[in-house]
Amino acid sequence: MLERKDVFRDGELAWAERFEFLKSRGYLLRPRYSPGWQPTWEEDDVFQENADYHPPHHPHVLDAVRESDRRTVTLKYASKDTPEIEIGQYLMSSDDIKNDPQNHCIPLLDVLRDDSDPEHVILVFPLLRPLHEPPPVSVRECVDFVQQTLEGLVFLHKHKIAHR
């Protein structure tokens, strides 16, 4: 039987170690990170391409399910001093800012602080699809993307966030 440390890749063991903390805060990680998990490919000694094999693309970013509404979210492990906290909280601080049509920023849904790791936080964002999936099918979609990007840049400048 493989040890968990032998199966996980960069940063994954840290997520597995936070499984119970995240569950207590209402966020459920994939079964791969749960206590007692064993790779399914060990069951028949044949390696299979399956969901519990695929590690995250970045060791500090992982998907989870928010149990309160079953929404899939993105978790990001970050320094407790990251400016993302202040910026994210500011962007959600008033209805005028949240509802500004130029605000195309990803909302910060939650900041989780774990007493066992006081130097870091876990930021919670909505799960977004990759920019290029599916690829744009028309020039209009490309123009819309550029327009939203430029509006977002203007919004960030207007609120003194860009180029801080």
Side-chain angles (χ1 to χ4, degrees), residues 8-19 21-34 49-114 117-164:
F8 290 141
R9 298 197 183 155
D10 294 339
E12 283 191 288
L13 189 56
W15 288 112
E17 290 168 349
R18 288 175 179 76
F19 184 90
F21 164 74
L22 290 164
K23 186 174 180 182
S24 75
R25 298 296 301 269
Y27 296 94
L28 191 59
L29 299 180
R30 286 182 267 156
R32 175 181 179 85
Y33 303 102
S34 65
E49 283 287 320
N50 52 42
D52 71 351
Y53 170 72
H54 298 285
H57 294 291
H58 190 286
H60 296 292
V61 179
L62 191 67
D63 61 287
V65 173
R66 184 168 61 183
E67 292 185 294
S68 64
D69 58 4
R70 306 302 298 162
R71 181 178 186 178
T72 304
V73 296
T74 298
L75 305 178
K76 181 178 181 182
Y77 181 75
S79 166
K80 69 177 175 77
D81 300 321
T82 180
E84 287 179 273
I85 298 170
E86 180 184 356
I87 293 168
Q89 290 172 338
Y90 172 77
L91 292 171
M92 299 300 291
S93 65
S94 76
D95 287 338
D96 286 344
I97 294 172
K98 283 192 286 193
N99 298 326
D100 186 320
Q102 291 185 322
N103 182 357
H104 300 288
C105 299
I106 301 167
L108 176 62
L109 303 174
D110 204 352
V111 179
L112 307 176
R113 299 177 197 282
D114 184 352
D117 187 3
E119 296 302 311
H120 295 92
V121 294
I122 297 174
L123 306 176
V124 182
F125 299 98
L127 180 70
L128 303 177
R129 65 177 175 78
L131 182 60
H132 59 283
E133 293 177 13
V137 293
S138 69
V139 172
R140 179 68 207 139
E141 285 183 7
C142 293
V143 170
D144 189 46
F145 168 75
V146 171
Q147 181 177 353
Q148 288 182 40
T149 302
L150 294 174
E151 285 176 356
L153 187 58
V154 167
F155 173 83
L156 293 173
H157 276 280
K158 179 170 72 175
H159 290 277
K160 298 181 178 28
I161 294 171
H163 307 294
R164 293 178 86 187

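Only this structure's heavy atoms are used, side chains among them; waters, hydrogens and symmetry mates stay out.
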_For the backbone of Phe21 and the side chain of Arg25, can you confirm whether one donor and one acceptor N or O come within less than 3.5 Å of each other?_
no
Under 4.5 Å between any side-chain heavy atoms of [X] and [Y], yes or no?
{"X": "Leu123", "Y": "Val111", "answer": "yes"}
{"X": "Leu112", "Y": "Val124", "answer": "yes"}
{"X": "Val61", "Y": "Phe125", "answer": "no"}
{"X": "Leu75", "Y": "Arg18", "answer": "no"}
{"X": "Val65", "Y": "Arg70", "answer": "yes"}
{"X": "Arg30", "Y": "Leu62", "answer": "yes"}
{"X": "Pro126", "Y": "Leu109", "answer": "yes"}

_Qualifying ring pair (Phe, Tyr, Trp, His ring centres under 6.0 Å) pairs, either residue in residues 58-77, two or more places apart_ = His58-His60, His60-Tyr77, Tyr77-His120
Just jot down the side-chain contact (heavy atoms from CB on, under 4.5 Å) partners of [X], sequence neighbours excluded, or say none.
{"X": "Thr149", "value": "Phe145"}
{"X": "His157", "value": "Leu153, Ala162, His163"}
{"X": "Ser68", "value": "Arg66"}

*Can you name the closest pair of heavy atoms from Leu91 and Ile97 and give their distance?*
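Nearest heavy atoms, Leu91 then Ile97: O-CG2, 3.4 Å.
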_Tyr33 to Trp15 - nearest heavy-atom pair and separation_ = CD2-CB, 4.1 Å
From [atom1] ([X]) to [atom2] ([Y]), nearest 0.5 Å:
{"X": "Leu150", "Y": "Phe155", "atom1": "CG", "atom2": "CZ", "result": "15.0 Å"}
{"X": "Ile122", "Y": "Thr74", "atom1": "CD1", "atom2": "OG1", "result": "13.0 Å"}
{"X": "Lys23", "Y": "Leu28", "atom1": "NZ", "atom2": "CG", "result": "6.5 Å"}
{"X": "Glu84", "Y": "Leu108", "atom1": "CD", "atom2": "CG", "result": "8.5 Å"}
{"X": "Asp100", "Y": "Ser94", "atom1": "CG", "atom2": "OG", "result": "9.0 Å"}
{"X": "Leu156", "Y": "Gln102", "atom1": "CG", "atom2": "CD", "result": "10.0 Å"}

*Quick one: side chain to side chain donor-acceptor pair (under 3.5 Å) pairs with a partner in residues 104-114, sequence neighbours left out?*
Tyr27-Asp110, His104-Glu151, Asp114-Ser116
*Within a reach of under 6.0 Å around CD1 of Ile106, are more than 12 heavy atoms found that belong to other residues, nucleotides or ligands?*
no
Let me check something: any side-chain donor-acceptor pairs from residues 130-142 under 3.5 Å, sequence neighbours excluded? List them with distances.
unit_1	atom_1	unit_2	atom_2	d
Ser138	OG	Arg140	N	3.4
Ser138	OG	Glu141	N	3.1
Glu141	OE1	Val137	N	3.0

